[in-house]
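Let me begin by presenting the structure, written as structure tokens, before commenting on it.
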Amino acid sequence: MKKVYQWGLVVFVALVGWGSGLTAPAAAKVRELPESVSYVRTKHAMDIGAREKTKSGYKPIYIKKNKLLSISAMNICGKYPYFKTYVAVTLGDIHYAKINKVVYMKKFIRYTTANFTPVKTLRAPIRTQLLRQGTGFVMSSTHINQPTYSSALFVTLDNYIQTYSQARMTEINDKWMNADVDSDFAKLKPTDSVKVTKLVKTGTAYKIDYARPLKSFSDKKIGPHHYRLTIKQLGRQYQNYTPIDDTYDTAASWTNFTINTKPYFSGFADWGLD
């Protein structure tokens with residue numbers, strides 16, 4: 001999810017109406033948190049404005065203490081040097097069946113040590129990265145500024161493996177898939193999905209275990225009800241494309257991986273640069 005920063009004077013009364021106040025004891029000393037993080041953990045139970053669709057309407061989602069959340073927007077209000085920071089948070093890139101039932105009221109909460117603990121790096125950074133089959137972006141032979149499609153896989157923030165066939169990926173309107181996983185991609189129904197039972201990170205390699213085979217995917221069977229993906233992170237690649245003239249039109253960069261020895265990559269591309 002992308003963070004949206006809103007600078008300048010913000011009406012404090014309006015923010016109080018949206019967000020919860022500090023719930024820590026008044027005697028506790030609180031501090032503002034760093035802005036350069038994407039994830040936080042809650043210091044106590046709270047309402048973040050998330051609602052889940054039910055047969056009878058929408059019900060609030062109860063957020064427990066120590067819950068991992070993604071920062072979706074940030075407001076900084078007040079005058080120098082007395083700035084106060086508020087954030088709106090979401091459940092992040094969770095699995096398809098859940099994310100399509102959740103709506104957010106964009107409730108702003110004070111961004112302090114009383115409410116959150118900043119998360120500098122995910123314990124398993126492979127989560128939320130969209131891994132596409134292949135060794136990198138390949139320009140289509142029939143369309144300018146359009147790569148070829150390939151199947152894909154990603155591990156959600158709440159630890160589900162979701163796979164997407166090549167045919168399913170063609171349903172995405174953004175040909176370059178410039179975001180790893182964004183709100184539009186989150187609405188795409190996966191070809192298959194399975195809950196992760198164990199995820200172990202060793203250096204730049206990940207072993208991901210689950211209980212049943214993934215459809216149309218090369219699993220490694222470890223034992224009864226035990227399958228495994230081994231993901232290894234390789235080097236970083238950069239490429240400029242010149243499909244029309246001497247000025248490069250598209251710049252791409254990606255990281256190469258292998259999943260059970262087959263090549264995959266995750267990256268970004270910007271086109272129309274000339």
Which atom pair, heavy atoms only, marks the closest approach of [X] to [Y]?
| X | Y | value |
| --- | --- | --- |
| Gly92 | Ser70 | CA-CB, 3.7 Å |
| Arg51 | Pro60 | CD-CA, 3.6 Å |
| Gly267 | Arg132 | O-NH2, 3.0 Å |

Within one Ile-Leu-Val-Met-Phe-Trp-Tyr cluster: [X] and [Y], side-chain cutoff 4.5 Å:
| X | Y | value |
| --- | --- | --- |
| Ile126 | Leu157 | no |
| Val155 | Ile94 | no |
| Tyr210 | Leu199 | yes |
| Phe116 | Tyr104 | yes |
| Val102 | Met46 | yes |

Is the backbone of [Y] close enough, under 3.5 Å, to the side chain of [X] for a donor and an acceptor to pair up by distance?
| X | Y | value |
| --- | --- | --- |
| Asp192 | Leu214 | no |
| Gln162 | Tyr96 | yes |
| Lys43 | Thr113 | yes |
| Thr156 | Tyr160 | yes |
| Lys195 | Thr197 | no |
| Arg110 | Tyr86 | no |
| Ser266 | Leu130 | yes |
| Arg168 | Pro190 | yes |
| Thr258 | Asn260 | no |

Exercise. Applying side chain to side chain contact (heavy atoms under 4.5 Å, CB included) between Tyr111 and each of Val37, Ile76, Asn75, Val89, report the one that passes.
Key: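 For Tyr111, the side chain to side chain contact (heavy atoms under 4.5 Å, CB included) test succeeds with only one of Val37, Ile76, Asn75, Val89, which is Val37.
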Self-check item: Single hit among Thr42, Ile48, Val40, Asp47 for side chain to side chain contact (heavy atoms under 4.5 Å, CB included) with Ile109
Solution: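 Considering Thr42, Ile48, Val40, Asp47, a side chain to side chain contact (heavy atoms under 4.5 Å, CB included) with Ile109 is found only for Ile48.
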Does atom [atom1] of [X] have more than 12 heavy-atom neighbours from other groups under 6.0 Å away?
| X | atom1 | value |
| --- | --- | --- |
| Phe83 | CZ | yes |
| Arg123 | CZ | no |
| Lys207 | NZ | no |

Quick check for you: to the nearest 0.5 Å, what is the distance between [X] atom [atom1] and [Y] atom [atom2]?
| X | Y | atom1 | atom2 | answer |
| --- | --- | --- | --- | --- |
| Ile99 | Glu52 | CD1 | CD | 12.0 Å |
| Cys77 | Tyr82 | SG | OH | 14.5 Å |
| Leu91 | Ile63 | CG | CD1 | 5.0 Å |
| Ser72 | Lys106 | OG | NZ | 6.5 Å |
| Phe154 | Ser193 | CZ | OG | 9.0 Å |
| Arg41 | Asn115 | CZ | CG | 16.0 Å |

Quick one, [X] and [Y] - any side-chain contact, counting heavy atoms below 4.5 Å?
| X | Y | result |
| --- | --- | --- |
| Pro263 | Thr135 | yes |
| Val87 | Phe108 | no |
| Lys201 | Pro125 | yes |
| Ile222 | Tyr227 | no |
| Lys220 | Leu229 | no |
| Thr255 | Gln233 | yes |
| His226 | Asp209 | yes |
| Tyr164 | Leu188 | yes |

Exercise. Run the numbers on Phe257 and Ile231 for side chain to side chain contact (heavy atoms under 4.5 Å, CB included), then give the verdict.
Key: CA-CA 7 Å; Phe257 296 84; Ile231 302 177; 3.9 Å; yes
Quiz prompt | Carboxylate-amine/guanidinium contact Asp158 Lys67, below 4.0 Å | solution = no
Self-check item: side chain to side chain contact (heavy atoms under 4.5 Å, CB included) evaluation trace for Lys59 with Lys53
Solution: CA-CA 7 Å; Lys59 66 176 182 179; Lys53 187 176 181 179; over 6 Å; no
Quiz item: Please walk me through it: do Asn256 and Lys232 pass side chain to side chain contact (heavy atoms under 4.5 Å, CB included)?
Solution: CA-CA 9 Å; Asn256 289 112; Lys232 295 182 179 180; over 6 Å; no
Exercise. Verify side chain to side chain contact (heavy atoms under 4.5 Å, CB included) between Ile161 and Leu153, making sure each step is shown before the conclusion.
Key: CA-CA 7 Å; Ile161 300 173; Leu153 170 149; 3.8 Å; yes
Exercise. Test Gln166 against Ser150 for side chain to side chain donor-acceptor pair (under 3.5 Å), laying out the working first.
Key: CA-CA 5 Å; Gln166 183 177 10; Ser150 63; over 6 Å; no
Quiz item: Parallel, tilted or perpendicular: which fits the ring planes of Phe217 and Tyr264, with parallel below 30° and perpendicular above 60°?
Solution: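 If you compare the ring of Phe217 with that of Tyr264, the planes turn out tilted.
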